[in-house]
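Here is the naming used below: chain letters follow the sequence lines, and residue numbers restart at 1 for every chain.
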Amino acid sequence: MIAHYILQPELRHGMDYLADIYLNYRTIHIEELIGGKGKNQLNMRSVDLDKIIEYAAEDADITFQLKQILEKEIKENKLENLFYEIEMPLMQVLAAMEKTGVLIDHVALKQSSEILTADMNAIEKEVYQLAGFEFNVTSPKQVGEVLFDRLKVVDKGKKTKTGQYSTNEEVLEGLRGKHPIVDKILDYRGLKKLLSTYIDALPALINKKTGKVHTSFNQTVAATGRLSSTNPNLQNIPIRDEQGREIRKAFTAESNCVFLSADYSQIELRIMAHLSGDTHMIEAFLSGQDIHAATAAKIFHLPIEEVTGDMRRKAKTANFGIIYGISVFGLSERLGIPRGEAKELIDGYFATYPKVKEYMDNSILTARQNGWVETLFGRKRFLADINSHNSVVRGYAERNAINAPLQGTAADIIKIAMVNIYRRMIKENVQSTMVLQVHDELNFNVHNSEIDAMKRLVTEEMENAIQLRVPLKVDVGVGVNWLEAH
DNA sequence: AACCTCACG
DNA sequence: ACGTACGTGAGGTTC
């Protein structure tokens with residue numbers, strides 16, 4: 001699966017699919033043994049042994065045949081380093097993290113649940129009061145009909161592409177002040193999300209034997225080379241809002257241990273500096289300046305001390321936009337400024353960092369010529385739509401051409417760091433364990449006797465995973481829980 | 001299963 | 001006129 005993921009990151013990687021594509025062979029599907037999914041599905045132990053023999057032998061046979069083909073292709077495409085030195089060793093690191101698990105304070109979550117459920121129910125009643133009738137507040141369809149057809153909060157509601165009223169946060173924010181019910185619906189949604197996705201869901205996933213939560217890291221899902229996390233997803237635990245932060249507090253260290261969190265500072269922008277070779281951006285990072293303030297100073301032609309908060313905010317949004325393949329529309333939407341002003345900001349940005357502009361143009365050109373772009377370590381992303389005659393479709397591919405090498409190189413780098421950290425932890429025989437990866441951040445359960453050593457080890461390996469034209473900076477912290485460690 | 005919404009980097 | 005910043009996973013509703 002991983003070999004095929006490296007070769008064709010956008011496609012599927014299951015054995016049935018690969019057998020069809022590479023061997024022109026249709027495998028026995030599991031449903032043929034145990035039936036389709038549903039309550040009548042059999043357990044494997046009740047299947048006829050003769051059938052199981054056939055099925056299991058085929059599994060081994062096909063896997064071996066695929067190995068012969070895929071290892072040759074890895075070699076032909078010069079992907080041996082990425083495959084043998086990064087992805088394959090990483091597999092063990094991920095397995096160890098999954099097995100270790102992370103400790104969750106379910107008592108704290110239970111207390112939060114009781115308080116917030118009461119709050120949510122009270123808000124629900126207020127919503128009914130304000131509407132004058134009851135309806136399902138968790139149904140976007142009903143919320144839309146209530147706001148736009150019955151209460152007529154505004155004349156015309158924005159519609160989704162299927163013709164339903166759009167009621168997402170952005171739309172509701174725009175309706176604040178038009179009717180008191182809008183605030184209440186937003187409050188209700190916020191609480192509902194926290195309760196159903198995290199507070200009430202996580203305790204149910206605590207393993208009875210270990211007392212911890214064990215996520216699955218998927219190594220073959222994200223087209224850019226990132227990992228993903230499921231059952232539960234521990235890569236989207238709240239942090240931005242005050243209420244959400246409470247949930248992070250429930251991720252704790254084990255006894256006699258602390259939670260250690262280490263994250264790369266501005267890694268994708270540093271990779272942009274490296275790949276583009278832009279002297280001014282490189283200089284800003286080398287001098288250790290606040291990159292957003294430094295960017296603002298250059299765009300607005302001011303000394304850095306005279307940069308206002310608003311200028312920095314604009315430059316920060318522009319910096320993020322650059323990573324995503326900036327558009328005038330996107331920047332104006334996010335900053336809430338006219339398109340003309342967004343265009344001027346982007347022009348100023350490119351004048352400030354001319355090689356960044358060149359890099360972006362080059363990425364698109366490379367994609368057009370080759371049909372793919374790649375990371376610093378040769379991880380490819382194919383962009384079939386790059387020459388599409390549909391400008392919307394093509395625009396999407398173009399932004400991918402810019403973003404994929406940046407996001408993907410960052411993914412490569414943290415994977416290298418993880419492998420190196422894991423090896424050193426074994427070699428130095430530590431009691432501490434790696435527990436979570438969140439794209440640019442690594443988290444550890446660190447024994448009290450190893451705090452200084454682990455801080456050093458982790459920072460060293462993350463910052464020195466690879467030598468770029470700019471330094472890689474890591475912020476590290478410890479605390480009794482994930483929130484405090486950040 | 002599709003859709004909408006929203007949590008994270 | 002359309003539809004636009006990148007990558008994910010999960011819960012809930014609706015069909």
Side-chain angles (χ1 to χ4, degrees), chain A residues 9-10 37 135-144 159-172 185-186 188-202 205 215-218 221-241 243-245 247-248 263-268 272 317-335 339 342 346 360 363 373 381 383 390-408 410-411 414 436-442 482 486:
Chain A
E10 325 259 276
K37 54 184 170 189
F135 64 100
N136 187 348
V137 191
T138 52
S139 162
K141 188 163 180 278
Q142 293 184 38
V143 166
K159 299 275 184 79
T160 68
K161 63 171 178 279
T162 53
Q164 237 186 72
Y165 287 119
S166 175
T167 70
N168 66 26
E169 188 168 12
E170 194 191 336
V171 169
L172 295 192
I185 292 172
L186 281 165
Y188 179 88
R189 283 237 180 110
L191 287 174
K192 181 78 181 174
K193 178 77 175 180
L194 293 185
L195 282 163
S196 59
T197 309
Y198 304 104
I199 295 171
D200 292 334
L202 287 172
L205 295 164
T215 187
S216 294
F217 286 107
N218 200 320
V221 164
T224 54
R226 276 188 177 183
L227 300 176
S228 80
S229 158
T230 57
N231 286 310
N233 181 358
L234 295 185
Q235 291 182 322
N236 74 344
I237 301 302
I239 190 165
R240 291 170 191 170
D241 301 337
Q243 272 182 323
R245 293 167 85 89
I247 296 166
R248 271 205 187 214
D263 66 286
Y264 281 114
S265 163
Q266 302 297 344
I267 188 167
E268 290 182 12
M272 173 60 102
T317 308
N319 273 328
F320 272 112
I322 287 297
I323 292 162
Y324 299 145
I326 204 160
S327 71
V328 169
F329 176 88
L331 188 63
S332 70
E333 279 291 297
R334 269 165 189 75
L335 282 173
R339 295 195 199 178
I346 293 172
M360 293 171 69
S363 293
V373 290
R381 170 122 192 224
L383 299 165
N390 180 332
S391 63
V392 175
V393 172
R394 190 178 61 246
Y396 185 69
E398 287 173 352
R399 291 191 296 277
N400 265 314
I402 293 162
N403 175 264
L406 303 171
Q407 189 180 126
I414 198 167
L436 294 172
Q437 189 253 39
V438 192
H439 310 307
D440 64 356
E441 162 191 341
L442 293 175
W482 195 0
H486 238 284

B:dG9 - base-pair partner by Watson-Crick or wobble geometry, distances under 3.5 Å: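 Check on B:dG9: paired to C:dC6, both distances under 3.5 Å.
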So [X], base contact, sugar-phosphate only, or nothing? Heavy-atom distance under 4.0 Å.
X: A:Ser332; answer: nothing
X: A:Gly321; answer: base
X: A:Glu268; answer: nothing
X: A:Arg339; answer: base
X: A:Ser391; answer: nothing
X: A:Ala223; answer: sugar-phosphate
X: A:Gln142; answer: sugar-phosphate

Short side-chain N/O contact to [N] OP1/OP2 from [X], under 4.0 Å:
X: A:Ser139; N: C:dT14; result: yes
X: A:Asn400; N: C:dG7; result: yes
X: A:Ser228; N: C:dG9; result: yes
X: A:Arg226; N: C:dT8; result: no
X: A:Tyr396; N: C:dG7; result: yes
X: A:Gln437; N: B:dG9; result: no
X: A:Ser196; N: C:dG12; result: yes
X: A:Thr224; N: C:dG7; result: no
X: A:Ser327; N: C:dT4; result: no

I want to verify a distance call: between [options], whose nearest atom is closest to the [X] side chain?
X: A:Pro238; options: C:dG7, B:dA7, B:dC4; value: B:dA7
X: A:Asp440; options: C:dA5, B:dC6, B:dG9; value: B:dG9
X: A:Phe329; options: B:dA7, C:dA5, C:dG12; value: C:dA5
X: A:Thr160; options: B:dC4, C:dG7, B:dA7; value: B:dC4
X: A:Val221; options: C:dT4, C:dT8, B:dC4; value: C:dT8
X: A:Lys193; options: B:dC8, B:dC6, C:dG12; value: B:dC6
X: A:Arg399; options: C:dA5, B:dG9, B:dC4; value: C:dA5
X: A:Lys141; options: C:dA10, C:dA5, C:dT14; value: C:dT14
X: A:Ile239; options: C:dA5, B:dC8, C:dG12; value: B:dC8
X: A:Leu331; options: C:dA5, B:dG9, B:dC8; value: C:dA5

Heavy-atom donor-acceptor pair, A:Arg240 side-chain to B:dA7 base, under 3.5 Å: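 Result: no qualifying N/O pair found.
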Side-chain-base donor-acceptor pair under 3.5 Å for A:Gln407 and C:dC6: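 When only heavy-atom distances are counted, A:Gln407 does reach the base of C:dC6 through a donor-acceptor pair under 3.5 Å.
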Flag, side chain of A:Gln235 to backbone of A:Gln437, donor-acceptor distance under 3.5 Å: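 Between the backbone of A:Gln437 and the side chain of A:Gln235 there is a qualifying donor-acceptor contact (under 3.5 Å).
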Side-chain donor or acceptor of A:Ser229 paired with backbone N/O of A:Pro232 under 3.5 Å: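 Yes; judged by distance alone, with no hydrogens or angles, the pair exists.
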Rounded to whole Å, please give me the gap between [atom1] in [X] and [atom2] in [N].
X: A:Asn236; N: B:dA7; atom1: CG; atom2: C1'; value: 4 Å
X: A:Ile199; N: C:dG11; atom1: CD1; atom2: P; value: 14 Å
X: A:Asn136; N: C:dC15; atom1: CG; atom2: P; value: 13 Å
X: A:Ile237; N: C:dG9; atom1: CD1; atom2: C1'; value: 11 Å
X: A:Tyr324; N: B:dC8; atom1: OH; atom2: C1'; value: 11 Å
X: A:Glu398; N: C:dG3; atom1: CD; atom2: C1'; value: 14 Å
X: A:Leu191; N: B:dA7; atom1: CG; atom2: P; value: 11 Å
X: A:Leu194; N: C:dG12; atom1: CG; atom2: P; value: 13 Å

Let me confirm one number: the [atom1]-[atom2] distance from [X] to [Y], rounded to the nearest 0.5 Å.
X: A:Leu331; Y: A:Ile346; atom1: CG; atom2: CD1; answer: 5.0 Å
X: A:Ser166; Y: A:Leu172; atom1: OG; atom2: CG; answer: 8.0 Å
X: A:Ile247; Y: A:Ile237; atom1: CD1; atom2: CD1; answer: 7.0 Å

Given DNA chain C, 5'-ward residue of the pair A:Ile326 and A:Asn231, judged by closest heavy atom: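 Looking at DNA chain C, the more 5' nearest nucleotide goes with A:Ile326.
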Exercise: identify the closest heavy-atom pair between A:Ser196 and A:Ala201: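 Closest approach of A:Ser196 to A:Ala201: O-CB, 3.4 Å.
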Stepwise side-chain contact (heavy atoms from CB on, under 4.5 Å) test for A:Met360 and A:Ile322: CA-CA 9 Å; A:Met360 293 171 69; A:Ile322 287 297; 4.2 Å; yes
With [atom1] as the reference atom in both, quote the distance from [N] to [M] in angstrom, rounded to an integer.
N: C:dT4; M: B:dA2; atom1: C1'; answer: 23 Å
N: C:dC2; M: B:dC6; atom1: P; answer: 24 Å
N: B:dA1; M: C:dA5; atom1: C1'; answer: 28 Å

Side-chain touch A:Glu170/A:Glu333, heavy atoms, less than 4.5 angstrom: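 Yes, close enough: below the 4.5 Å cut-off.
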Face-on cation placement of A:Lys141 at A:Tyr165 ring, 6.0 Å and 45° thresholds: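 The answer is no; the distance or angle limit is not met.
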